[in-house]
Asks: 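Below is one structure. I have some questions about it.
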Amino acid sequence: MPPSVDAMPAPGDAAGAGDVRMISSKELRAHASADDLWISISGDVYDVTPWLPHHPGGDLPLLTLAGQDATDAFAAYHPPSARPLLRRFFVGRLSDYAVSPASADYRRLLAQLSSAGLFERVGPTPKVQLVLMAVLFYAALYLVLACASAWAHLLAGGLIGFVWIQSGWMGHDSGHHRITGHPVLDRVVQVLSGNCLTGLSIAWWKCNHNTHHIACNSLDHDPDLQHMPLFAVSPKLFGNIWSYFYQRTLAFDAASKFFISYQHWTFYPVMCIARINLLAQSALFVLTEKRVPQRLLEIAGVATFWAWYPLLVASLPNWWERVAFVLFSFTICGIQHVQFCLNHFSSDVYVGPPKGNDWFEKQTAGTLDILCSPWMDWFHGGLQFQIEHHLFPRLPRCHLRKVAPAVRDLCKKHGLTYSAATFWGANVLTWKTLRAAALQARTATSGGAPKNLVWEAVNTHG
């Protein structure tokens, strides 16, 4: 076990010579706006206001933890080598800095994993995935271009759906850690497997996903729970909550009330076509968002998808086969959209920003693991150990099963919930959560007159 519980330099390493200004937590909380943003890491206080527009993870993670201790979030997302970069922003030390027992144990485990080199060992999974994706993709091309059978064409659509699923796992992994050992090659893999192959911008995904991790299951901060007007996991969303991610009110109007009242029946059908919403959001992001890293590359990648996929569909002999091909590829990929929901929909939710000093508690309370045999790990793509992934997002998925027992022991030691269910059980829990909220929506008072239901559905948040 390394001597430090932080997995990074001890407090005070950022300070230079001379007197150090002591800052109270109350004063720290007063600096929590975009034009005056302080955070604390290991007891050191930093004014990161000038860094806000340059933060690689986007500005929302910093804004979400503004005016708070952000030690655990920083340690989870950054290697120890990133700590010295903060020195230029140093303003003082917290006079009342304290670490909860759960956080102290979490940091010890993080340090242990880091010293063992697990964050750098990605294993063979990315290479196997790339080969599998290539085989499935070229098999789909062959079935469309070289076979006349309608059943072969339908199978090709299913194969494209499976390619998209594996590409989603690839994009998820490469967005969290290096899968090739080289940043440029990682970027190439991201754009090819994400933007070009699926039409989803990796920059858009990172913006969403980083915010989700920092504000896990916060109803007003986590975009992965903001699916109005189609879905609501809690009646707290019926209060016209302001979305800090979308910068607009999640209105519970007559249209929302109608959709949500039947959401436990519409959930799976909607998941079959949920890809449409992601494609639309991705395109809007790269075209209209003010800050998109390497915007032209992102646009070129998405444009590549919109070139090859419609062309492949158009090569089918008739319209009914084309429609069936698209629907089948979307429906198969809908399995992954369901998987994304299972880990969080039935877990604890809250309103407001997360507190930086209860990182371990918030991540475990808002997340559900999926119980499965090791031979099914390929199917879940790492989401079967979602609690472990949320605690150690930089950890390659090949190590998640190894660290799960240690995480369970920590939860037991500190009396925290460690939720896990089979794939079927997680679906049941999700359905019950949606049903409970649906029944409450039917008696809740909506805040507006009915709008065009089709327009509302197309403009779904999240």
Side-chain angles (χ1 to χ4, degrees), residues 1-11 13 39-44 57 61 65 68-83 97-123 125 172-173 176-178 210 212-217 343-344 347-348 354-371 374 377 382-420:
M1 181 73 67
S4 171
V5 300
D6 264 332
M8 35 188 71
D13 284 0
I39 59 172
S40 169
I41 298 175
S42 299
D44 290 333
L65 294 175
Q68 299 187 56
D69 175 73
T71 305
D72 290 341
F74 182 88
Y77 266 94
H78 303 80
S81 59
R83 178 64 182 267
Y97 176 64
V99 182
S100 70
S103 284
D105 281 344
Y106 164 68
R107 296 176 195 182
R108 289 190 185 96
L109 180 56
L110 178 62
Q112 188 176 21
L113 300 180
S114 181
S115 64
L118 295 186
F119 291 102
E120 287 73 43
R121 285 185 270 166
V122 299
T125 302
H172 181 259
D173 289 348
H176 279 294
H177 57 81
R178 292 184 179 180
N210 287 343
H212 158 67
H213 266 268
I214 294 297
C216 178
N217 272 32
N343 295 117
H344 299 287
S347 298
D348 291 346
K355 297 296 189 292
N357 58 358
D358 62 356
W359 171 265
F360 189 91
E361 294 91 330
K362 276 290 189 291
Q363 299 299 326
T364 54
T367 312
L368 173 77
D369 273 7
I370 304 297
L371 300 172
D377 285 352
L383 268 63
Q384 73 276 28
F385 294 107
Q386 187 77 334
I387 295 175
E388 290 73 19
H389 169 65
H390 266 255
L391 292 172
F392 311 106
R394 294 186 297 110
L395 190 67
R397 73 165 100 155
C398 59
H399 304 305
L400 293 175
R401 187 174 287 276
K402 302 174 187 175
V403 305
V407 173
R408 284 195 295 269
D409 288 344
L410 283 186
C411 288
K412 183 178 181 180
K413 175 181 178 181
H414 296 285
L416 302 175
T417 301
Y418 184 94
S419 302

Asks: Report yes if the side chains of Glu361 and Ser100 come closer than 4.5 Å at any heavy-atom pair, otherwise no.
Replies: yes
Asks: Under the side chain to side chain contact (heavy atoms under 4.5 Å, CB included) test against Ile387, which residue among Leu368, Leu400, Thr364 passes?
Replies: Thr364
Asks: Sequence neighbours excluded, which residues qualify as side chain to side chain donor-acceptor pair (under 3.5 Å) partners of Thr417?
Replies: none
Asks: For the residue pair Ile214 and Ala73, what are the closest heavy atoms and their distance?
Replies: CD1-CB, 4.0 Å
Asks: If you look at every heavy atom in Leu109 and Leu410, which pair is closest and at what distance?
Replies: CD2-CD1, 3.9 Å
Asks: Under 6.0 Å between ring centres: does that hold for His399 and Phe392?
Replies: no
Asks: If you look at every heavy atom in Tyr77 and His176, which pair is closest and at what distance?
Replies: OH-CE1, 3.9 Å
Asks: Can you see whether Gln386 engages His344 through a side-chain donor-acceptor pair at a distance of less than 3.5 angstrom?
Replies: yes
Asks: What residues form a side chain to side chain donor-acceptor pair (under 3.5 Å) with Arg401, not counting sequence neighbours?
Replies: Asp377
Asks: Would you say Asp369 and Tyr418 are linked by a side-chain donor-acceptor pair, where the criterion is simply a distance under 3.5 Å?
Replies: yes
Asks: If you look at every heavy atom in Gly366 and Cys216, which pair is closest and at what distance?
Replies: O-SG, 3.8 Å
Asks: Show the nearest heavy-atom pair for residues Cys398 and Arg121, with the distance to one decimal.
Replies: SG-O, 3.8 Å
Asks: What are the two closest heavy atoms between Pro393 and Ala76, and how far apart are they?
Replies: CG-O, 3.5 Å
Asks: Side chain to side chain donor-acceptor pair (under 3.5 Å) with Asn343: which residues, sequence neighbours excluded?
Replies: none
Asks: State the CD-CG distance between Glu120 and Leu395, to the nearest 0.5 angstrom.
Replies: 10.0 Å
Asks: From His78 NE2 over to Ile41 CD1, what is the distance, rounded to the nearest 0.5 angstrom?
Replies: 7.5 Å
Asks: For the pair His389 and His172, name the ring-plane relationship: parallel under 30°, tilted 30 to 60°, perpendicular over 60°.
Replies: tilted
Asks: Compare all side-chain heavy atoms of Asp105 with those of Arg108 and state whether any distance is below 4.5 angstrom.
Replies: yes
Asks: When you compare the side chain of Arg397 with that of Gln384, does any pair of heavy atoms fall below 4.5 Å?
Replies: no
Asks: Is any side-chain N of the basic residue among Asp409 and Lys412 closer than 4.0 Å to the acidic one's carboxylate O?
Replies: no
